[in-house]
Each structure stands twice: as C-alpha cells, then as structure tokens.
Amino acid sequence: MKIPIGGVCEPGTTIANKTGGWRTYRPVYDYEKCIKCKLCELLCPDMSVFPKEDGYFQFNYDYCKGCGICANECPKSAITMVLEEK
Amino acid sequence: MTPKGDLKMDKMVVVEGSYAVAHAVKVCRPNVISAYPITPQTHIVEDLAKFIADGEIQNCECINVESEFSALSALVGSSAVGARSYSATTSQGLELMHEVLFNVAGMRLPIVMTVANRAVSAPINIWNDHQDAISQRDTGWIQLYGENIQEVSDMTAQAFKIAEDKDILMPAMVCMDGFILSHVYEPLVMLEQDLTDEFLPSYEPLNILDPKKPLSFGAFADPNYYTEFRYMQQKAMTNALKKIEDAADEFYDLFGRYYGGLIDEYQTEDADIILMAMGSIIGTIKDTIDKLRQKGVKVGLLKVRAFRPFPAEAIRKAVKDAKIVVVLDKNISLGLNEGALFTETKSCLYNTSNHVPVVGYMIGHGGRDIRMSTIENIISEAQEVMKSGIKVESQFTDLREELL
Amino acid sequence: MKEIRIHGRGGQGSVTAAELLAVAAFADGKFSQAFPAFGVERRGAPVQAFTRINDEPIRLRSQIYEPDYVIVQDPTLIEVVDVAGGLKDDGTIIINSDFDPSHFKLDTKAKVVTVNATKIALDIIGRPIVNTVLLGAFAGATGEIRPESIKKAVKERFPGKVGDRNAEAIQQAYDMMKEAKA
Amino acid sequence: MKQLFVSGHRGCAGCCDAMAAKFTLMGAGEDCIVVSPTGCLEVMTTPFPETSWNVPWIHSLFENAAAVASGIEAALIAMGKKGNTRVVAIGGDGATMDIGLQAISGAFERGHDFTYVCVDNEAYMNTGVQRSSGTPFDASTTTSPVGKVSFGNQRPKKNMPAIIAAHGSPYVATTSLGYAKDMISKVKKATETPGPTYIHCHAPCTTGWGFDTSKTVEIAQMAVKTGLWPLFEMENGEVTKVRKIGKAAPVEDYLKMQSRFKHLFSKEGGAEEIAKIQAIADKNIEYYGL
C-alpha cells in the first residue's frame, strides 16, 4: 500500500476490520418467535444483522460487537444474548 | 538567468495594487472565492465582489463568510470538490486561520491566497510588516513575496500554476506589503485573459468529493502513518523549488516579464556587500544601491521571492563571493532577537565552506517608513563589519531611543 | 523624479487627487506612483497623499519627505500642519485660497502660489470640491503635466456631466495659473 | 439496498454515533456529500487508510464543519454539479453547540442549501466525557463532577433548535435514536427542503452516560416519554408538529437508568434536585403541548 496524496480513503474499507472479536455475549435467534419486523436490522449500530432470503435475519459475527440492542428491542424476545465460548 | 522583459507602456494602465490583484484573480478563473474583510486587504475582496456583481467571473461563487476561520474552511470544502479556490487576508485574519492553514496543506488542497502583509496585535497596528505571514511559515504553505504590483499580479497566476501542479499540490500565499503595495497606484500590464488561459490550465484535481466515487477526505493518521504524511508534504515542497523557477520562466516566455525565480539578483556579480530582503523594500534598496554604486561601493541585492520553500541552494550560490551578507527582516522571532530570513540564511550557510559573515537588521515594523538613508546607514555599518568583524549580529533598525 | 505631496482633510479627495495625478502623468508618457499616508483618520482630520512622477519606472517606496511640489486643499490646515515641511527651495506650494500668496507666512524658500479653487468649484461644478480643480492649477503653475491628461483622467474616473464640469473647472484653474505666471 | 455506512468502525458496542450516522444516510440517500467535524464519529469511522463511509465524506477541523459544507455547496453550484446532491454535516454537541456555533450561524445566515445534523450525546465523549453546552442539568461529567458541594452540571441545555430557527431556517426538527423511523423521515424531509435545515438528534452514549450497551434505544425513548426531550418540527420558525407522549413518565424513570445521575438518588438533597429536573420536563410538556 502506498499513501495517496492527501490521504484519501477508498469507500467502505473499515470492512477489513473485523470487530467481532470485541464481543463478550453473542446474539442468538429463535426463529420460532421472529415476526420479521426488521427492527434488529434497523437498529444495529454495527450493520451486522442481515436479511436472509426467507425474510428472517442472520447475524454477521465478523462485526457484531455484542451490544445487545437487538435483543433488548426485539418485540417478541426472539433474540437472546449468550456468553461467547472462547 | 532569464533576461528581464521590456515594460510595454502602451499596454500599461495605472491602477491600485488591490485592483491589480483582483483582476489577476479574475483572469485565473476561480470557482469559489471566500473571504472576510480586513484592512488592508479589503479593496481586493471589494473589487472581486464587484466583478461578481457585474457578472464578469463565470462559474464562480463568492462566499461572504463570518470570519477568516470560515473563509479558509469553506475553501477546504470547495477545493475538495475540485473548485479553483481563492481567498485574501492579512494579519489577525491570517493568524485566525492558523489551524486551517495546516489542514489545507495536509489535505494537499492547492488553494491560493493573497496576504496583504500587516503587523500583528498587540498593540493593534494596521500597517505593513511581515510578521503575519512569517508566523505561518511552518504551516506547509508556499510563500512568495512580490516587490511591486506588477510582480504581485503576475505572481498570482504563477501561484495557481505552482500550487495545482500534480507534483506539488500544496497551497500558496502571495504576499504583498499592506498599503505600500495594496493601496499604491502605479502603471502595470494587467494579465491578459487569453495569455493567462494559455499559461494556466484548468485545475484537474487528483481526487474529489463525488457521490459517484465516494472517497473519504481528512481521515486521521496514527503513528504508523503520520510521519509519512509529513515526509510527503516536505517532498512536495522540495519539488516546488524547481516548479517556482519553471513557472517564472514559462511566464516570461508567454508574457515577457520576469522578476526572478526563487530569488533574484541585482548588482551582485562583483558585490562585496550583499543585502537580502523580501517585498516592497526591494525597490528602495535598488535605488540606494544605484546611488552608492556611483560612489564606488560594491553593493548588491539578493531578493528572496520564495520564502517557503526556502531557497537554500540558490542563496548559497548567490552569496558565494560576498564579503558580507546583510539580511533585512520585517519580522522578529521574539526571544531570539532575529528575523526569520536572517536566521535561516545563517542556517543554510552553516556546514558549508562559506564562512561569510552574516548580520541581520529588523526593520519596518508596524509600517515604520524605510528611507534610502536608513539603507545607506546599514550599508555603511556593513563596511565597518568587513573591516573589523561582527560586533552586533542582529539588531533593530531605527529604534527611537527617546521612547525607551 | 518629481515628488508631490497633497495636504487635505479626510473626505476632501486628497487621495483621489494623488491617484488622478498619477494616471494623468502616465498618460503624458511618464511613470508614476500614488499612495496615501496610510492612516486611520476619519472625515475632517488632516491627511496627506503622495505622487511621484518619473521618466523611468519608480522603485522607491518610502514616503515623501522633500517634495518638489505641495498642494494644500484647505488653507486652514496651515495652522495645524507644517505644509511646507521639507519642500525643496526651488519647489512650489499651491494653496487653495483667495488671498494673495504674501498673506501666508510659510517657512520656505519655495514659490508660493494661490488659487481660489473653492470659488471655481462652486461656480462651475456647483459644489465646493476642490481636488480636481487644484490639479488644473498644479498643471498651470508647474508645467509638469498637460491639462488634457488631467481632464482625461478625471473624466474617466467621473464619467458624464460631473466629469465634464470638472474638466471645465480644471481648465479654468489651469488658465488662471498660466496667466499669473505670464 | 447499498450500505452507505459499513461495519468495522471502531465505535463502542451500542454506539449512538454509529446509529445516528446510519439513520442520517438512510434519510439523505446515496447522492450526498457528508462533512464531519472532529469527534467520536470522525475518529471511529476513518482511521487511515480505512473509512466506514460509502458516500463522499470529509473531515477538516472541530469547529468548521458548517463552513466546509458552505464551500462544498458553493463549489457544486459554481461548477454546475449541484443537481440533487445533498450536502449534510453530522456533528456532535460540542462541535455544534459550542466550538462550531459561529460557523453554523454564518452558514445558516447565508442560506446555503445543506442539512446540519447534530448528534447530541450531551458531553465531549471523544475526549473523555467533559461537559458541553448540551450537558443537561445535574449530569455528572469529568469537568462538571459531583462533589461535596455540587450536584454536577449546574446549567440547563442550550436551546440549539431555537437558535437555528431564529436564523430563519425553513426546517428545524428534533429527533431521537429511540425513534429511528422518525429520524430517517425527518432527515429525508430536511435534505429535500431547499435552504439550510437542521436536525437535532438526542443520542444516549453508553460510555458517557453509564448504562448497559443494550439500552441505547430504550433510554432515548425514555427521555422522550418523560418530556425531557420533546420531539417537534419547526417550519420557518413556527412549531408545526409535536410528538404527543400521553401520560408522561416521571423523570426518575429516566435518571435512574444512568450512572451520570446516580448521585441524585444517593446524595442528600437529591430529591430537591430531581424536582428541579421534573420542572424542566413539565415546562417542556406545557410549552410544546406534549
């Protein structure tokens, strides 16, 4: 890598930085309870909740920092936070 | 050295220095002008505002900002979008910009700014010296100083060309002595639009803020990277040394006018005494030299056009045969009791085989008028130093002892 | 090189007069330079402006201490300012006044001339603006500059009727000075 | 839909700034240029050579985001590139309400077509939780600490929306991270409104306020429910829309969730202080008709 003049950065490149290692608790879905309200995807500050083809959601554990907002806000308590097994 | 051009009187008009600058800016086709009024820069921005009001500058927006800080900040945005961007200021306004000056240079934005040099408060003083610009010497801005309004006008186009060069991409200050040059009426050839278009191509930025190619500007660099950013800025400044000379030569080829590249020399060829200075004092020194040459005093002048990048090599070459070098500074580094040009000239001769004595005079602070007789006194003191060595290395000139 | 110092009060157009003189001198084929004694004076305060005229390009940037000519726009200034200070012995000082030159006891060996520029201005321009009128008088009294060049410079700066009336006043002041010399 | 703000940023778990940036871009859309002043958001999203932004983005200094935005807008106009491109500044409360206020005032007075989004987490979080003029009454920060003779910050929040509205802005709105869709639609409206527009977003900071990382949204909602953070829109200086809260929750419910207010529940005289905060909420409820 060479530093470009003025130090401009190519877009969306923090994707190289996998923040999943910050996590203490990991979110886990209970798809039985999920009503596909999309709130978890909307509220995730780490853009690590993604819709699946079937309309349910999945976590991108490469980036999820385990904040637990999705679990706290899920109207159906479909997400629980479990201790990371290290 | 490139020969001097002839002054073509039939192409000259008598205008105010500020108007000459505003007109030069106009023909350089700026896209964004952003400035805050401050004496003695005001006439420049007023004249530009009139051009805009009369529709004489196409594709240009003029922002009447609420401070100098915002004046330059707005240009950070405009230059990053790819706009040719211009401002003008002086003194307190320039000092208020201090933080932004670093930012512009670090982001490699080739903004050009006229500085109508003025003293810095306190006490408040609206008259000329160079303390304002000299105090910004480490910010990464190219600093050029002009001796008359023709040179300042021509230098404005040169500054854009130098700053926007892909090997440089550093901002540039065109320094003109406040009032002495900003408010003087004298004849000059105003930059012709067609020749200027030929001399100065449109600005083609390397990177711009563009939704189609969404780059990020102004990221923070941690200790793993910061050093290299600084190194690259210095390298650009080093590249500018040659580009400043090239721009002066290319300008001469097209316009037929030449005022020196990094430096200019006057009667230095056989000179025992070489004076060094920047700005409008140059003319007064030249007249003094002519007078003393008639009396057989072998005195010459090294005019410094580029203070940043510092033309160390050119200076070493110009003073190699001198018996004494006398540096006149319209500024002081308080606590060192020296002007910046003096300190740096001494510094660039150290570690060389040239052990010529160098003495410094701080002169013309806060608009104190500089007369030929003052220059003559300095030269006669230099003759003493040649005989008996340096007694006082650096001193104030024209101190009114009765006030102390 | 000829150096001219103009004394006036803030608002009387001394700086404009110095500039017009520079423009006119250049029209005559000479190099010129005009600049004010940069100050923070406001309307009414004594002010000075300078013009240099030369056959060669002018490099000198100091203020003018030993003028060849002095123009005094307002005779009341003589009480408060040393208007003849440094004036060369063979120089000329032109005072806007209806008194005879002998009325003014100035400490100078230079020639003192007076012209009632205020009256000319009132008669022709209709307002007591004397700066341009005095330039006509300067041309007449010194021969340093052609009155046509002054008129041209003034008309460029003040187009239309104002310029025409000024030009007429300039010519009259010029003629009066020429007559007085003859 | 293209992610305009991507993963891998260095914000804390539960970061309010990241949410605010995400919602802002969802409202503003792809065709925008973003300016950020110095602050948490800037630092955490752009460690060279990386950036979390998928829109053009620029950071210059702490106090000049609005001026930089002015220059961007002017340049787009001058160069005939304005089109539908939105210029959006996103700054924290310090950069907006304190050090950058002059530049903001200038830009709003001059009428540049841009939107300024203040992400108000009520203190200087980037430097370690020092008070700003956005810090609420009685909040403990490192420069307004609780002490033997102090209950923390002794001034109420500066009324920034009113200051902007007084500049003649055509659209000023408050919003909250507790109401994501409210924020997205208000940013959209602001960016679609010609002229200088302003969004003030209440943004609970897990680190600075002292609460569990999962509670960012919940606490934001509670601030609204108590009346301490009214949600409203102003058009041309007039309040035109208010989010009704029904029966207001007592301010204790909000305060007790955060360690920056915990002294109010342990220190002698705390009840009187809570009453003062309740008075602030009551006044909001009455003034805005919440």
Side-chain angles (χ1 to χ4, degrees), chain B residues 4 6-7 9-10 12-19 39-40 43 116 118 124-128 147-151 176-188 266 277 279-291 301 303 364 366-375 398, chain C residues 1-6 13-42 47-67 85-86 131 135 145 149-150 152-157:
Chain B
K4 309 274 178 203
D6 286 331
L7 287 169
M9 279 188 87
D10 59 322
M12 297 177 109
V13 286
V14 176
V15 297
E16 195 192 38
S18 295
Y19 183 86
T39 304
H43 290 184
R118 166 185 149 183
I124 189 163
N125 173 296
I126 59 168
W127 293 271
N128 167 249
E147 78 171 272
N148 57 35
I149 71 172
Q150 184 76 66
E151 185 178 14
M176 71 190 301
D177 285 347
F179 284 119
I180 299 172
L181 294 184
S182 64
H183 284 54
V184 73
Y185 272 68
E186 62 188 27
L188 91 158
Y266 185 76
S280 68
I281 190 178
I282 294 296
T284 305
I285 295 173
K286 284 176 178 170
D287 272 13
T288 312
I289 287 173
D290 284 2
K291 187 177 170 192
L301 167 72
K303 160 179 147 181
R368 177 75 48 92
D369 196 32
I370 300 167
R371 305 175 64 170
M372 280 171 64
S373 56
T374 306
I375 309 288
D398 279 348
Chain C
M1 182 146 64
K2 299 293 181 188
E3 297 185 314
I4 301 116
R5 188 171 68 211
I6 302 174
S14 310
V15 178
T16 305
E19 292 162 9
L20 291 169
L21 198 51
V23 173
F26 185 73
D28 271 358
K30 294 180 176 167
F31 286 92
S32 58
Q33 177 195 66
F35 57 100
F38 326 109
V40 288
E41 290 82 6
R42 301 301 198 245
V47 297
Q48 294 175 36
F50 308 100
T51 304
R52 288 192 171 100
I53 301 172
N54 198 22
D55 292 332
E56 297 292 314
I58 298 163
R59 303 182 301 199
L60 186 63
R61 298 284 172 191
S62 65
Q63 296 192 18
I64 290 172
Y65 299 91
E66 292 171 358
N131 59 343
L135 294 183
I145 202 152
S149 298
I150 292 176
K152 182 166 167 274
V154 170
K155 280 185 180 179
E156 274 171 15
R157 177 72 71 97

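What you see below is based on every heavy atom in this structure, not just the backbone, and it leaves out hydrogens, waters and symmetry mates. The sequence lines fix the lettering, A, B, ..., with proteins before strands; numbering per chain opens at 1.
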Applying a strict 4.5 Å limit to non-hydrogen atoms, the region of B:Glu147 in contact with chain C is backbone
To the nearest 0.5 Å, atom OH of B:Tyr185 lies from atom OG1 of C:Thr16 at 7.5 Å
If you tally heavy-atom pairs under 4.5 Å between each of C:Ile58, C:Thr51, C:Val23 and chain B, the highest tally belongs to C:Val23
Okay, B:Ile180 and chain C: the region with an atom under 4.5 Å from a heavy atom over there is both
Measure the shortest side-chain to side-chain distance between C:Arg61 and B:Asn148 over non-hydrogen atoms and say whether it is less than 4.5 angstrom.
yes
Smallest heavy-atom separation, C:Gln63 atom then B:Asp369 atom, equals N-OD2, 2.8 Å
Highest number of heavy-atom pairs under 4.5 Å with chain C among B:Ser280, B:Gly367, B:Gly178, B:Gly17 belongs to B:Ser280
Per-residue tally against chain B (heavy atom, under 4.5 Å) across C:Ser32, C:Ala153, C:Pro36, C:Ala22 peaks at C:Ser32
Okay, B:Asp290 and chain C: the region with an atom under 4.5 Å from a heavy atom over there is side chain
Okay, B:Ile281 and chain C: the region with an atom under 4.5 Å from a heavy atom over there is neither
_4.5 Å side-chain heavy-atom contact, C:Phe35 and B:Glu186_ = no
Here the pair of heavy atoms bringing C:Phe26 nearest to B:Val14 is CB-CG2, 3.4 Å
d(B:Ile285 CD1, C:Arg59 CZ) to nearest 0.5 Å is 11.0 Å
